[in-house]
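Here is the structure we will look at, set down as structure tokens.
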Amino acid sequence: MTAPGSAGAPPRLEGRAKVTGAARYAVEHPVDGCAYAWPVPATVARGRITGIDPAAALAEPGVLAVLDHRNAPRLGDVDDATLLVLQSPRVAHRGQYVALVVAETLEAARAAAAAVRVSYAAEPHDVELDAAHPGLYTPETVNGGFPGERAHGDFDAAFAAAAVRTDAVYRIPALHNHPMEPHASTAVWLGDRLRVHDSSQGSTKVRQTLAGLFGLPEEWITVVSEHVGGGFGSKGTPRPQVVLAAMAARHTGRPVKLALPRPQLAAVVGHRAATVQRVRLGADRDGRIQALSHEVVTYSSRIKEFTEQAGTPARSMYAGENRRTTHRLVRLDVPTPSWLRAPGECSGMYALESAMDELALACGLDPVELRLRNDTRTDPDSGRPFTSRGLAECLREGARRFGWAGRDPRPGGRSEGRWLIGTGVAASGYPAEVGPSRAEASVTASGRYRVRINATDIGTGARTVLAQIAAEALSVPVDRIDIEIGSSDLPEAPLAGGSSGTASWGWAVHKAGRALSAELARHSGPVPEPGPVVRVDTAEDVAAMSQEYARRAFGAQFAEVAVDMDSGETRVRRLLGVFAVGRVLNARTARSQLVGGMTMGLSMALLEHSTMDPAFGDHAERDLASYHMATHADVPDVEAHWIDETDDRLNPMGSKGLGEIGIVGTAAAVANAVYHATGVRVRTLPVRPERLLPGLGEWQATGG
């Protein structure tokens, strides 16, 4: 077992630059002659623009231009229709951008945007998710390219014959990413060439998209994403601000900066779609699952199909021959959903792990023991063995560290004054993926090594870990490594997302380091100036990787809560997680990611909630005053641990991604703990007093 301390783990290479303000984010780079832009969002949920009057805005001091669908630069076709901004008078959802003001100052742009007058021919809109909606259909694939539905065996017959059965519906509202740094871009045209500083999780993809939109060769575009203040998936693909900034800069002939206002983010940068999930479990009297069904209903927008893959984790978590997982989608007049940390897995595991808690109760089994009895060494969906599967060890070690032994299984059996105390557990899993990447390594006559790769550090410590990988491959101290990342001019690499960044980039860096080391070994005497340069590509290595195995990371989260029996207020006293994520390359950054993920899971369980206003057709909670998230006071005690595990079948470092598995399962662990404390099962997140109190009063009136 590896302790969560940071002894021997190098601190973040960019740490001093960030705390001193030297690190520059997307709109902080000094640019001579820069103008500023401010978008104008639509105020109807569906319809057509019938008129735009920019006269009052253009009369404001310092205003340079007002762009709309009539005068904005024409864009080429791309796969993502959300990026075709200011191209049509059609309005697909409230908050869609219909105009853009460019001015000499940020204040002037904001004031002028408020003065733009837009008239609409509004049409009836449909914005509410309904599990019985007549427009529901089964998508061929869901996010990640997984099949929309999968079936093995005969679920209906097995469920009907099962000795113990559970059948429940779980609901999650729309959730929003809200990174600390809003989506922002600085665009500069140098003749026909474009340079952009963008808040993005992958500048290679941004460059490719801009090339298609503006009809340019990719090599004429440079996108820099050197420092990114969080993204959680919402910056995983290009967003409207980078397109608008480039359009405005081309139209005005001036560099343009655009940082999206936070209240507008909910409508234009994606969100975790609300889901309605029915989970049915059938087991024998010993708790072994005989039948499993996970049915997901969710939505997407009219302009793009995106299906939250909430049913996919049920395909791989537990043994059982008879299973069915389905997704049903309806297209509504709403903003397009997208990725939010651990998409699909986070939503689906809340429902599945809540259902597992209910099954444990129905079988009279300890919740940890139930999960252990249904562990499997092979992936139930593909039939392949896992490269490694440390779920059982995570459950056992977590139970030991948490003090699970001797837990009274009866709900409401422990109290401290007016506080009811409960504990809960949930398992977690996340795909362990790797993609092809390129890297370059070189050495100078002074003995310093330079590694170049277009990785993106979104706060995860990527620079530091890549420097460690390079140092290990070259057998030199890490302080002799210089890392260059975050620019599309560097060797191409995939985006930071899907818990695959370090596994993908690290493989290329490791390969480059080994190749350079071999090159140096062929030389004697001092290193020449300039020194040797090696360039590598892992495309063939990744393609040759064995497909005989299923690849996932696993974990177990434990929670202790206190619930006020009079008010229904819930407080999480402690969270503890144990994870099987391959070799942990840097304990300091790993613990930061896992603790951050668990904190987000707690926030999802008790606080985060977004309401779709049926009359206006937009999300009502659009800022950090109304969209509540966990703060330090909400998480007094969080521990993250990991088991000793090296997965050499995934990449040469033996590591797996860990940026997302911390959030998976945490919300279920908290909700299960609330049930254990109160005897009230809340199946709709977040667990709020108004959802607890009716059942709590009834439960107490009957003596528990």
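None of the values given here were measured: they were computed from a predicted structure.
- Residue His619 holds its NE2 atom at 4.5 Å from NE2 of His176, rounded to the nearest 0.5 Å.
- Taking OH from Tyr318 and CG from Asn374, the interatomic distance works out to 8.0 Å, rounded to the nearest 0.5 Å.
- Judged by distance alone, the side chain of Thr298 and the main-chain N or O of Ala273 form no donor-acceptor pair under 3.5 Å.
- Relative to the six-membered ring of Phe232, Arg341 misses at least one condition, a distance below 6.0 Å or an angle of at most 45° to the axis.
- Counted by atom type alone, His271 and Ser610 present zero donor-acceptor pairs between their side chains at under 3.5 Å.
- A side-chain N or O of Ser199 and one of Lys235 form a donor-acceptor pair less than 3.5 Å apart.
- At least one donor-acceptor pair under 3.5 Å links the side chain of His327 to the backbone N or O of Gly311.
- Of all heavy-atom pairs between Ala553 and Val581, the closest is CB-CG1, 4.1 Å.
- The OG1 atom of Thr684 sits 5.5 Å away from atom CZ of Arg691, with the distance rounded to the nearest 0.5 Å.
- Using the six-membered ring where Trp is involved, His178 and Tyr627 have ring planes that are tilted, between 30° and 60° apart.
- Interatomic distance, CZ of Arg400 versus CG of Leu576, reported as 10.0 Å (0.5 Å rounding).
- Gly555 approaches Leu391 most closely through the heavy-atom pair O-CD1, 3.5 Å.
- A side-chain donor-acceptor contact under 3.5 Å links Arg239 and Ser338.
- Salt-bridge formation is detected for the pair Arg389/Asp375: a Lys NZ or Arg NE/NH1/NH2 atom is positioned less than 4.0 Å from an Asp or Glu carboxylate oxygen.
- Between the Arg94 side chain and the Thr43 main chain, a donor and an acceptor come within less than 3.5 Å of each other.
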- Please step through side chain to side chain donor-acceptor pair (under 3.5 Å) for the pair Arg331 and Ser300, ending with a clear verdict. CA-CA 5 Å; Arg331 306 290 285 272; Ser300 192; 4.6 Å; no
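- A salt bridge is absent between Arg396 and Glu393; no separation between the charged side-chain nitrogens and carboxylate oxygens falls under 4.0 Å.
- A salt bridge does not link Asp623 to Arg262: none of the charged side-chain nitrogens sits closer than 4.0 Å to a carboxylate oxygen.
- A salt bridge does not link Glu295 to Arg328: none of the charged side-chain nitrogens sits closer than 4.0 Å to a carboxylate oxygen.
- With Arg373 contributing its side chain and Asp286 its backbone, the two residues share a donor-acceptor pair below 3.5 Å.
- Salt bridge Glu639/Arg591: absent, no basic N to carboxylate O contact under 4.0 Å.
- In this structure, His676 contributes its side chain and Val561 its backbone to no donor-acceptor pair below 3.5 Å.
- At least one donor-acceptor pair under 3.5 Å links the side chain of Gln201 to the backbone N or O of Gly233.
- The minimum heavy-atom distance between Thr456 and Ala496, with the atom names listed, is O-CB, 3.6 Å.
- A side-chain donor from one of Glu308 and Ser347 sits under 3.5 Å from a side-chain acceptor of the other.
- Remark: side-chain polar atoms of Arg401 are not paired, donor with acceptor, to backbone N or O of Gly577 under 3.5 angstrom.
- Ring orientation note: the planes of His227 and Tyr25 are tilted relative to one another, at an angle of 30° to 60°.
- Between the side chains of Asn177 and Trp339, no donor N or O sits under 3.5 Å from an acceptor N or O.
- Judged purely by atom type and a 3.5 angstrom limit, Ser316 has no side-chain atom pairing as donor or acceptor with the backbone of Pro313.
- In this structure, a donor-acceptor pair under 3.5 Å is absent between the side chains of Gln593 and Thr460.
- Checking Ser354 against Asp357 by side-chain atom types alone, no donor-acceptor pair falls below 3.5 Å.
- Formation of a donor-acceptor pair under 3.5 Å by the Asp457 side chain with backbone atoms of Gly461 is found in this model.
- Between Glu353 atom CD and Asn672 atom CG the span is 8.0 Å, to the nearest 0.5 Å.
- The backbone N or O of Ala259 lies less than 3.5 Å from no partner atom in the side chain of Gln241, so there is not a single donor-acceptor pair.
- To the nearest 0.5 Å, atom CG of residue Leu696 and atom OG1 of residue Thr678 are 6.0 Å apart.
- Electrostatic pairing of Arg574 and Glu560 counts as a salt bridge here, judged by a charged N lying under 4.0 Å from a carboxylate O.
- Glu569 and Arg688 are not joined by a salt bridge, as no carboxylate oxygen comes within less than 4.0 angstrom of a charged side-chain nitrogen.
- Judged purely by distance below 3.5 Å, without hydrogens or angles, the side chains of Arg407 and Thr423 pair a donor atom with an acceptor atom.
- For residues 597-609, the set of pairs meeting the salt bridge (Lys or Arg N to Asp or Glu O under 4.0 Å) definition, not counting sequence neighbours, is empty.
- Using a 4.0 Å cut-off between charged side-chain N and carboxylate O, Arg573 and Asp637 make no salt bridge.
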